[in-house]
Amino acid sequence: MLNERDIGEIVKQVVAKLNMTEESGTGMGIFDDMNKAIAAAKKAQEVLRVMTMDQREKIISRIRTKIIENAETLARMAVEETGMGNVGHKILKNRLVAEKTPGTEDITTVAWSGDRGLTLIEMGPFGVIGAITPCTNPSETVLCNSIGMIAGGNTVVFNPHPAAIKTSNFAVRLVNEASVEAGGPENIACSLLKPTLESSKIMMSHKDIPLIAATGGPGVVTAVLSSGKRGIGAGAGNPPALVDETADIRKAAEDIVNGCTFDNNLPCIAEKEIVAVDSIADELMNYMLTEQGCYLADKELQDKLTATVLTPKGLNRKCVGRSAKALLAMVGVEVSDDIRCIVFEGEKEHPLIREELMMPILGMVRAKDFDDAVEKAVWLEHGNRHSAHIHSKNVDNITKYAKAIDTAILVKNGPSYSAIGFGGEGFCTFTIASRTGEGLTSASTFTKRRRCVMCDSLCIR
Ligand code: NAD
């Protein structure tokens, strides 16, 4: 357990690092101009592309160490700067990036050999990749993208979310420190002191940027896909969690609330609403209220919450990523720290249900039977094809849902975060290319396929 002195010491260290980031200005990958950043990343890529795979892996290994060493600083910095999320959960997310983001082992070769020789498909770098990153997982996305893109032999220029620039640029500095310490080039990852829409436009039209990876809401993905460049579009979701009558209802309540409240619901994959079949809906709600720290919002409270968290222009940014306790305080309700989620029952058209809120408000829609539940869940996912979840022991039901909802991620009988390797099998990513179909991105996503053909030789079978 930390005592007050320990906490004071940590706060001092974080403030010192924040100041360092502000004061140190440009250098270590940070530029005041997008054209300069791209030119520096291009020079670094010329060095990286002639390094061996083993040297690339050494750089990645050093990045992983730096992330682990700085996980707490990154987490505190992000919460302090953006006002969003939960420090403990952000520490876990940063560690997950360090431990489970694939490195060069993801770059593989396909070979055919036979009478007419030997043909290989090799994965080569694009060059300098442009990356646009969100404020919801700022350091996680910068670090995860950096590992994958560098493993693929690329360097990267970020145009991060301005509301998370200190945290994002701190992460960029860590990547460059790691590269230099491991014998790699500086500017292997670059960013701007003050990113703007203008600087992202320069990136999107620059001749030396062949590929852009956009992680964020619908606006940025559409902008990138309209740029004329190849784009990887990791867009918005609104993941429904469907619960049928065959599920372990008590466990479903626990998994859903755990997933929904992780980092105050900031992850794009997190449960954003429930669709429950009528026969188990009351039982599910009861478990959430009695065992999972949920607070039931009546009609009056739902109206107050709607007026507070949604504005005519969309989400009230001051509410995104805030805890249930903080959200309730905004509408005049004081609760204890045990309350971690706000729940209620409503129709699918309820604004707090149909909108992607990114806060621990979880509406439950009642369905008359499984087919009705699937129809409602598909409607709520809005065709994003991003993520969905189901709690069921009926494989026919699971299969039917999987085909109907057609998402990049479908978690069965677990919390949403098991989809990114946290309590589930598989690797980690913070860029889920839902719109463009690459799905969970990794180093191989950031490579070009090349066919390399040797005619009539080198087949020794
Ligand atoms: P956001 O869309 O406000 O911003 C994301 C990034 O895009 C920022 O860097 C922002 O400056 C930039 N941007 C926004 N509009 C732009 C435009 N027209 N042209 C160029 N750049 C533009 O999103 P956010 O609030 O930072 O993040 C939350 C959203 O991102 C949610 O919708 C969430 O679902 C989504 N998201 C998706 C993934 C995924 O992997 N699919 C991961 C994280 C977040």
Side-chain angles (χ1 to χ4, degrees), residues 34 78 81-85 90 93 97 101 130-145 148 157-165 167-169 171-172 191-192 194-206 209 212-227 229 231-239 262-272 313-322 355-359 381-382 384-388 407-409 416-417 419-420 428-442 445:
M34 179 54 85
E81 183 180 17
T82 64
M84 303 190 295
K90 283 194 187 291
K93 285 165 71 181
V97 169
T101 304
I132 301 176
T133 53
C135 57
T136 46
N137 317 309
S139 59
E140 300 90 326
T141 312
V142 164
L143 294 164
C144 186
N145 279 181
V157 175
F158 290 100
N159 199 74
H161 198 297
I165 192 61
T167 314
S168 307
N169 283 357
V172 168
S191 179
L192 292 188
K194 288 195 168 63
T196 58
L197 281 183
E198 200 45 51
S199 58
S200 76
K201 277 192 196 139
I202 294 172
M203 173 199 272
M204 286 188 222
S205 58
H206 200 287
I209 300 283
I212 302 168
T215 310
V220 63
V221 174
T222 300
V224 165
L225 297 184
S226 317
S227 70
K229 301 264 184 199
I232 294 176
N238 191 38
F262 190 61
D263 205 16
N264 292 341
N265 200 244
L266 286 177
C268 53
I269 57 170
E271 294 82 350
K272 300 284 190 283
K313 285 188 179 162
L315 281 182
N316 177 355
R317 284 275 164 183
K318 289 192 181 125
C319 299
V320 173
R322 303 297 299 273
E355 298 293 331
E356 184 202 28
L357 296 181
M358 295 182 285
M359 55 192 87
E381 213 275 323
H382 303 310
N384 292 319
R385 307 278 192 270
H386 190 297
S387 295
T407 43
I409 286 175
S416 49
Y417 45 68
I420 53 168
C428 159
T429 186
F430 277 87
T431 295
I432 295 143
S434 41
R435 284 261 302 265
T436 46
E438 293 84 354
L440 284 84
T441 59
S442 63
T445 317

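Numbers here are sequence positions counted from 1. Read the numbers this way: they start at 1 and go in the same order the structure lists the ligands and their atoms.
Note on ligand 1: Ala163 sits outside its first shell, no heavy atom being nearer than 4.0 Å. Under a 4.0 Å heavy-atom criterion, Arg435 is not in contact with ligand 1. A heavy-atom separation below 4.0 Å is found between Asn159 and ligand 1. Put simply, no part of Lys201 is less than 4.0 Å from ligand 1, judged by heavy atoms.
For ligand 1 and Thr431, the ligand atoms under 4.0 Å from any heavy atom of the residue are 40 (O). Below 4.0 Å from some heavy atom of Gly237 lie the following atoms of ligand 1, by number and element: 34 (O). Short contacts between ligand 1 and Phe430, defined as distances under 4.0 Å to a heavy atom of the residue, involve ligand atoms 40 (O), 42 (C). Interface of His386 with ligand 1, defined as ligand atoms under 4.0 Å from a residue heavy atom, comprises 39 (C), 41 (N). Heavy-atom proximity to Pro162, at under 4.0 Å, picks out these atoms of ligand 1: 11 (O). Ligand 1 places these atoms under 4.0 Å from at least one heavy atom of Thr136: 27 (O), 28 (C), 44 (C).
The proximity of Ser200 to ligand 1, defined as any non-hydrogen pair under 4.0 Å, is limited to the side chain. With a 4.0 Å heavy-atom cut-off, ligand 1 is reached by the backbone of Pro160 but not by any atom from C-beta on.
Looking from atom 34 (O) of ligand 1 to the surrounding protein, the closest heavy atom is Glu356 OE2, 2.5 Å. Annotation: atom 39 (C) of ligand 1 to nearest protein heavy atom, Cys268 SG, 3.5 Å. Remark: minimum distance from atom 12 (C) of ligand 1 to any protein heavy atom is reached at Ile132 CG2, 3.7 Å. Among protein heavy atoms, atom 10 (C) of ligand 1 sits closest to His161 CD2, 3.8 Å. Of the protein's non-hydrogen atoms, the one nearest atom 14 (C) of ligand 1 is Val220 CB, 3.8 Å. Protein heavy atom in closest approach to atom 9 (O) of ligand 1: Thr133 O, 2.7 Å. Here the protein heavy atom with the shortest distance to atom 1 (P) of ligand 1 is Gly217 N, 3.8 Å. Nearest protein heavy-atom contact of atom 19 (N) of ligand 1 is Leu197 CD2, 3.5 Å.
Of the polar atoms of Gly235, at least one N or O is found under 3.5 Å from an N or O of ligand 1, judged by distance alone. Polar contact check, Ile432 against ligand 1: a nitrogen or oxygen pair lies under 3.5 Å apart. Residue Asn137 has no N or O atom closer than 3.5 Å to an N or O atom of ligand 1. At under 3.5 Å, not a single nitrogen or oxygen of Ala236, backbone or side chain, sits near a nitrogen or oxygen of ligand 1. For a threshold of 3.5 Å applied to N or O pairs, the pair formed by Met204 and ligand 1 contains no separation below that value.
With hydrogens and angles ignored, the 3.5 Å screen pairs no side-chain donor or acceptor of Glu198 with any backbone N or O of Lys201. Without hydrogens or angle criteria, Lys272 side chain to Leu357 main chain gives no donor-acceptor distance under 3.5 Å. One N or O on the side chain of His161 and one on the backbone of Ala163 form a donor-acceptor pair closer than 3.5 Å. Put simply, the side chain of Thr445 gets close to the backbone of Ser442: a donor and an acceptor are under 3.5 Å apart. In this structure, Lys229 contributes its side chain and His206 its backbone to a donor-acceptor pair below 3.5 Å. Side-chain atoms of Glu271 do not come within 3.5 Å of backbone N or O of Pro239 as any donor-acceptor pair. At distances below 3.5 Å, not a single donor-acceptor pair connects side-chain atoms of Glu381 with backbone N or O atoms of Ala388.
Of the candidates Asn264, Asn316, Leu315, Met359 forms a side-chain contact (heavy atoms from CB on, under 4.5 Å) with just one, namely Leu315.
Contact annotation: the side chain of Ile269 approaches that of Ile420 to within less than 4.5 Å [non-hydrogen atoms, C-beta and beyond]. Contact of the Met203 side chain with the Ile132 side chain is registered, since non-hydrogen atoms from C-beta on lie closer than 4.5 Å.
Taking all heavy atoms of Arg317, Lys272, Met203 into account, the minimum distance to atom 25 (O) of ligand 1 is reached by Arg317.
For the 3.5 Å distance criterion, the side chains of Asn159 and Ser199 qualify, holding a donor opposite an acceptor. In this model, no donor atom of one side chain and acceptor atom of the other lie less than 3.5 Å apart for Thr431 and Thr441.
Checked against side chain to side chain contact (heavy atoms under 4.5 Å, CB included), Ala78 has the following partners two or more places apart in sequence or in another chain: Lys90, Pro138, Thr167. Listed by chain and residue number, nothing satisfies the side-chain hydrogen bond (donor to acceptor under 3.5 Å, both in side chains) test with Thr136 (two or more places apart in sequence, or in another chain).
Put simply, NZ on Lys93 and CZ on Phe430 are 5.0 Å apart, with the number rounded to the nearest 0.5 Å.
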